[in-house]
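Step one of this worksheet: look at the structure below.
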2 protein chains.
Amino acid sequence: MPDESKPYHHGDLANALVTAAIAIIEERGVEHVSVREVARRAGVSPGAPFRHFPSKSALLAAVAEQAMERLSSAVRAAQAPHDDDPLDQLERIGLGYLEWAQDNPAHFEIVSQRSLVGLEGRSRELNDEIRTRMLSLLESAKSTGQLSKDADIDTLVLSCRALVYGLARMLVDGHFPEWQPNGNPAQWMKRSLALFIGELREHHREPSQPG
Amino acid sequence: MPDESKPYHHGDLANALVTAAIAIIEERGVEHVSVREVARRAGVSPGAPFRHFPSKSALLAAVAEQAMERLSSAVRAAQAPHDDDPLDQLERIGLGYLEWAQDNPAHFEIVSQRSLVGLEGRSRELNDEIRTRMLSLLESAKSTGQLSKDADIDTLVLSCRALVYGLARMLVDGHFPEWQPNGNPAQWMKRSLALFIGELREHHREPSQPG
DNA sequence: TCCAAATGTAATCGATGATTACTTCTAACA
DNA sequence: TGTTAGAAGTAATCATCGATTACATTTGGA
């Protein structure tokens, strides 16, 4: 039976700190995260976190890495199954991204602010993976004739990304009440994404083989 | 001849503080703005700013208001002339917004973070004005037959806004090196916007009157 | 001219990020 | 089993921050 008084060593303080930081972000926003408060929640002295992270930034970077890992999983899961219409897959990726952002605003906020945490190593990898995922779906849509052969794939990827990122950011930054007063944001985001993908589908479609 | 030593009263400290705050944001980002540093730049004691703004937030809100005023002007200027194709006007608004964000990243950053400064009074007014501007252009495009009669205007406004806001945010948040490694961001943003408006134009166009 | 309001200063408070010296525990080795 | 090196915590300290207060200076109108 474990000692009921806290042991001197926490056991897994690093993770506990990251979790505490996320809780604070969820409750009061990134700008209210302080190392001391994080330590307080983990039941540890104000200096303890610095044994695990050299700086506050490093702690936030760890939060970002965890967040990016989860976002990546959400996107991967949303894409499945991988054997249907590529543009449907693309739309599901967008929806998955948006739903994740809505369900995890704290995670999303920290992931999106590069100036706050930088983008290196694993995070960079996962980010690139998402882009590649979208790129290959569009390529594949082109090869199946859903997009015309001269469709500008690079610009399309950027546009999709910007739309989804913009919607997610608007949500987290609190722009929705003003930009779409009626209904819930999720509904509007879904419509907006569907409209965009729909346009791709119908406008860029290769005309059926003449002759 | 004015005394060469600083007068006891600054003369226009409120404005000087806002200007100093913007300079700091441009140099080191919003999160590094401190009232003391702002005061230091204005050549004034650490407590002085509080004679003009009740809190740091209030100072940032003033920055946001100035920023919103300028953004609004930029958008209004970009729309002119008002007598040509509505969708061209809409595209110019988007471009104007993006160029402004690129030229004034500090202003844009502070405008976009509602949690930081809120959105009330004049700022809210100007924001609504931009939305109304876009809305009426789309309505007008519908009436001229550039958009089909059953086009979902509300969703279109949201999509346009999300795309432009997303691009601007990606720029300011530093996502461009990863999402479009080649060429300069301005070029890519322009292409992305043109692609979107182009799709609206071609896909939603009302078929010419039969008979 | 004189005084009241506006504007700036100086001193102070509690909280923060960060560093240092010190203490306590854990686990690997003889 | 006992020792000990180092990992992981504490306590004390520092400069800086946002904010408040009491006080000083300037200004403009009665």
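Per chain, numbering begins at 1; letters A, B, ... match sequence-line order.
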Inset, instruction - Rounded to 10°, tell me the angle between the two end axes of the helix from C:dT1-D:dA30 to C:dA30-D:dT1, each built from five pairs. - result: 10°
Inset, instruction - Answer yes or no: does a side-chain N or O of A:His52 lie under 4.0 Å from OP1 or OP2 of D:dA7? - result: no
Legend entry - Straight-line distance of B:Cys160 SG to A:Trp179 CH2, nearest 0.5 Å: 9.5 Å
Legend entry - Donor-acceptor pair between A:His175 and B:Arg161 side chains, under 3.5 angstrom: yes
Any protein N or O atoms within reach of nucleotides 15-19 of chain D? Criterion: under 3.5 Å, listing atom names and distances.
| from | atom 1 | to | atom 2 | distance (Å) |
| --- | --- | --- | --- | --- |
| D:dC17 | OP2 | B:Arg40 | NH2 | 2.8 |
| D:dG18 | OP1 | B:Val35 | N | 2.9 |
| D:dG18 | OP1 | B:Lys56 | NZ | 3.4 |
| D:dG18 | OP2 | B:Val35 | N | 2.8 |
| D:dG18 | OP2 | B:Arg36 | N | 3.1 |
| D:dG18 | N7 | B:Arg36 | NH1 | 2.7 |
| D:dG18 | O6 | B:Arg36 | NH1 | 3.1 |
| D:dA19 | OP2 | B:Lys56 | N | 2.7 |

Inset, instruction - Quickly work out the A:Leu13 CG to D:dA8 C1' distance and round it to whole Å. - result: 9 Å
Inset, instruction - Could you tell me whether the side chains of A:Gln79 and A:Arg133 share a donor-acceptor contact shorter than 3.5 Å? - result: yes
Legend entry - Value in whole Å for how far the P atom of D:dT20 lies from CZ of B:Phe53: 15 Å
Legend entry - Criterion side-chain contact (heavy atoms from CB on, under 4.5 Å) against B:Val157, the qualifying member of B:Leu135, B:Asp152, B:Leu137, B:Thr132: B:Leu135
Inset, instruction - Output, in order, the C-alpha distance, side-chain angles, deciding distance and verdict of side chain to side chain donor-acceptor pair (under 3.5 Å) for A:Gln66 and A:Asn15. - result: CA-CA 10 Å; A:Gln66 187 194 94; A:Asn15 278 330; 5.3 Å; no
Legend entry - For atom CZ of B:Arg51 and atom C1' of D:dT25, their distance in whole Å: 12 Å
Inset, instruction - Scan side-chain atoms only and decide if A:Asp154 and B:Gln180 contain a donor-acceptor pair under the 3.5 Å cut-off. - result: no
Inset, instruction - Just say parallel, tilted or perpendicular for the rings of A:Phe108 and A:Tyr97, cut-offs at 30° and 60°. - result: perpendicular
Legend entry - A:Pro86 side chain near A:Leu138 side chain, heavy-atom distance below 4.5 Å: no
